Engineer: 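Can you keep this structure in mind? I'll have questions shortly.
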Amino acid sequence: MNVLYGKKLQGEIKKILKSGGSKKFAVAFIGSGTFCRIQGKCDILCDLFSAGTNPYEIRKLRSIKNVTLRHLKKLHTKIYLSDNLAIIGSANMSNRALDYDGSGNSSIEAAVMMQKKLLPKIYGETKALVNRLWRKGQPITKDLIETAIEAYERDNRLKIKNLEDFLDNHFFATVYVDDELNEEAEEMACYQLGKRWEKFFGVFENWNKLPLGYLIDLYWNPKTDKIKYNGILKYSGICIPFKYKNKKMGKGSIQIAKKIDLPKVTSDKIKTIVKKTFIPGIKKKMNCDDVRNKNDGVVIPVEDLFF
């Protein structure tokens, strides 16, 4: 039996997600980014109606032929079971736990990992527990997912009352000095999102991996040295590659984030906090040239701007 934490744990869980053979997971919360990491036959038991589970991700997982999904109310276990080992710990199947986006901003998780051949009795008891929980769960149908989406949208309306709420909602500041897309990126955005895409989406051309979560959209005008707040976006991992017409430029990509329509009270509160706390915090840490020297822009976790 091994005790794992941090990157070591993340690596072992990701191996199980992609491993062959049959797998069964009793993991409370399933977050964005899980869909593209699941391979092979897999049974997943989760709490579909928990605030920690993204029903849109569950809908994508349900489309995978060899994936079977069940819902169990109040489930809070984090058990990953494969044909030859089991991991029991604190990590959900989410970016915050497993660092899907490679940003390094994940929580510190820990777990024990046991191999079947070395600890057959404990492995067998773990498997029996997972099977017992699985039988208690209900199949996740298309209608159940739609009901969960309605509840998710209702319960996940962004509520910001103070600085600490930014931490709880996983915010990042995105700062850039060039707000114009290249022709090919503009064409791809129009093709994917429609001609009026700017009203509903933010598009980031050739940025390194954006973190999953809420983005504070900030444009640093190099002529006036002022930072303009453009609103809140939510990034869920959508990244689309394309080719530039100029062969020397090679390949590019756009990452698409959805603009969040906020109630006026919340919008005004966010705007005030951003202007009074985050923008001064950014200017203390860097200047316009620091941002300009980046090929894309700068991503800053809001906790780095609190003090």
Side-chain angles (χ1 to χ4, degrees), residues 14 18 31-39 54 56-57 60 63-64 95 98-106 170-261 279 282-283 285-301 304:
K14 288 173 183 176
K18 291 185 176 182
S32 298
T34 301
F35 167 77
C36 59
R37 286 163 178 82
I38 295 288
Q39 295 179 10
N54 186 331
Y56 291 102
E57 198 71 11
K60 289 192 289 185
S63 69
I64 302 176
N95 182 60
L98 300 181
D99 196 29
Y100 288 148
D101 61 10
S103 66
N105 292 310
S106 56
H170 211 44
F171 271 86
F172 299 85
T174 54
V175 191
Y176 52 92
V177 297
D178 186 358
D179 60 350
E180 296 291 331
L181 297 179
N182 279 298
E183 179 185 352
E184 294 84 355
E186 178 75 33
E187 288 176 355
M188 181 57 71
C190 289
Y191 175 75
Q192 294 289 336
L193 307 170
K195 292 182 179 179
R196 299 176 62 205
W197 65 265
E198 289 181 270
K199 183 176 180 181
F200 304 103
F201 299 95
V203 171
F204 297 81
E205 181 183 359
N206 291 337
W207 284 54
N208 289 326
K209 286 184 179 179
L210 289 173
L212 301 177
Y214 291 105
L215 308 178
I216 304 169
D217 188 18
L218 299 169
Y219 168 61
W220 199 329
N221 189 321
K223 294 181 180 179
T224 63
D225 197 37
K226 291 183 178 180
I227 299 177
K228 180 185 176 184
Y229 166 64
N230 292 317
I232 300 297
L233 308 170
K234 188 169 186 181
Y235 181 62
S236 301
I238 300 174
C239 182
I240 301 170
F242 63 87
K243 290 183 180 180
Y244 289 102
K245 294 174 183 176
N246 184 340
K247 292 183 179 180
K248 291 182 179 180
M249 296 180 67
K251 297 179 180 179
S253 68
I254 55 172
Q255 294 177 78
I256 299 170
K258 185 179 180 181
K259 290 187 177 181
I260 303 299
D261 187 18
I279 289 177
I282 291 168
K283 287 196 169 186
K285 289 179 174 291
M286 62 186 67
N287 57 47
C288 189
D289 287 335
D290 293 330
V291 181
R292 194 203 308 269
N293 290 334
K294 299 286 185 179
N295 291 329
D296 39 37
V298 177
V299 179
I300 309 170
D304 292 352

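Note that the structure is predicted; figures quoted are calculated from it, not measured. Along the sequence shown, residues are numbered consecutively beginning with 1.
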Engineer: Can you tell me how far the CD1 atom of I256 sits from the CZ atom of F201, to the nearest 0.5 Å?
Structural biologist: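 So the gap between those two atoms works out to 7.0 Å.
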Engineer: Within a 6.0 Å radius of atom NZ on K283, are there more than 12 heavy atoms belonging to other residues, nucleotides or ligands?
Structural biologist: yes
Engineer: N221 side chain to K226 main-chain N or O, any donor-acceptor pair under 3.5 Å?
Structural biologist: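 Not confirmed, N221 side chain does not pair with K226 backbone.
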Engineer: State, to 0.1 Å, how close A257 and L215 come at their nearest heavy-atom pair, and which atoms those are.
Structural biologist: CB-CD1, 4.3 Å
Engineer: Distance-only criterion, 3.5 Å: show the donor-acceptor pairs between side-chain atoms of residues 182-196 and protein atoms not counting sequence neighbours.
Structural biologist:
residue: N182; atom: ND2; partner: E205; partner atom: OE2; Å: 2.9
residue: E183; atom: OE2; partner: K245; partner atom: NZ; Å: 2.8
residue: E184; atom: OE2; partner: K245; partner atom: N; Å: 3.0
residue: E186; atom: OE2; partner: W197; partner atom: NE1; Å: 3.3
residue: E187; atom: OE2; partner: K245; partner atom: NZ; Å: 3.4

Engineer: Roughly how far apart are I282 CD1 and N287 CG, rounded to 0.5 Å?
Structural biologist: 12.5 Å
Engineer: How far apart are the C-alpha atoms of I216 and F172, what are their side-chain angles, what is the distance that settles it, and do they pass the side-chain contact (heavy atoms from CB on, under 4.5 Å) test?
Structural biologist: CA-CA 6 Å; I216 304 169; F172 299 85; over 6 Å; no
Engineer: With distance as the sole test, does T174 use its side chain to make a donor-acceptor pair with the main-chain N or O of V299 at under 3.5 Å?
Structural biologist: no
Engineer: Where is the tightest heavy-atom contact between G202 and K259, given as atom of each residue plus distance?
Structural biologist: N-CG, 4.3 Å
Engineer: Using ring pair (Phe, Tyr, Trp, His ring centres under 6.0 Å) as the criterion, list what pairs up with F242, not counting sequence neighbours.
Structural biologist: Y244
Engineer: Find the distance between CG (L212) and OH (Y100) and round it off to the nearest 0.5 Å.
Structural biologist: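 Between atom CG of L212 and atom OH of Y100 there are 9.5 Å.
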Engineer: Any side-chain donor paired with an acceptor under 3.5 Å for Y56 and S32?
Structural biologist: no
Engineer: So, taking the atom named OG1 in T34 and the one named CG in N54, what distance separates them when rounded to the nearest 0.5 Å?
Structural biologist: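 Atom-to-atom, T34:OG1 and N54:CG are 9.0 Å apart.
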Engineer: Give the minimum heavy-atom separation between D225 and W220, together with the two atoms involved.
Structural biologist: OD1-NE1, 3.0 Å
Engineer: Anything under 30° is parallel, anything over 60° is perpendicular, the rest tilted; go ahead and classify W207 against Y176.
Structural biologist: perpendicular
Engineer: Is it true that a side-chain atom of N206 and a backbone atom of S253 form a donor plus acceptor pair closer than 3.5 Å?
Structural biologist: yes
Engineer: To the nearest 0.5 Å, tell me how far I260 CD1 sits from L233 CG.
Structural biologist: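 Answer for the CD1-CG pair, I260 versus L233, is 7.5 Å.
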Engineer: State the CD-NZ distance between Q39 and K18, to the nearest 0.5 angstrom.
Structural biologist: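 Here the rounded value is 6.0 Å.
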Engineer: Quick one: list whatever passes salt bridge (Lys or Arg N to Asp or Glu O under 4.0 Å) with K60, sequence neighbours left out.
Structural biologist: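 If we apply the salt bridge (Lys or Arg N to Asp or Glu O under 4.0 Å) test to K60, skipping adjacent residues, the hits are E57.
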Engineer: For residues K14 and D99, report the shortest heavy-atom separation together with the two atoms involved.
Structural biologist: NZ-O, 3.4 Å
Engineer: Taking the side chain as C-beta and beyond, is there a heavy-atom pair between Y229 and L218 under 4.5 Å?
Structural biologist: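 SC-SC contact between Y229 and L218 confirmed.
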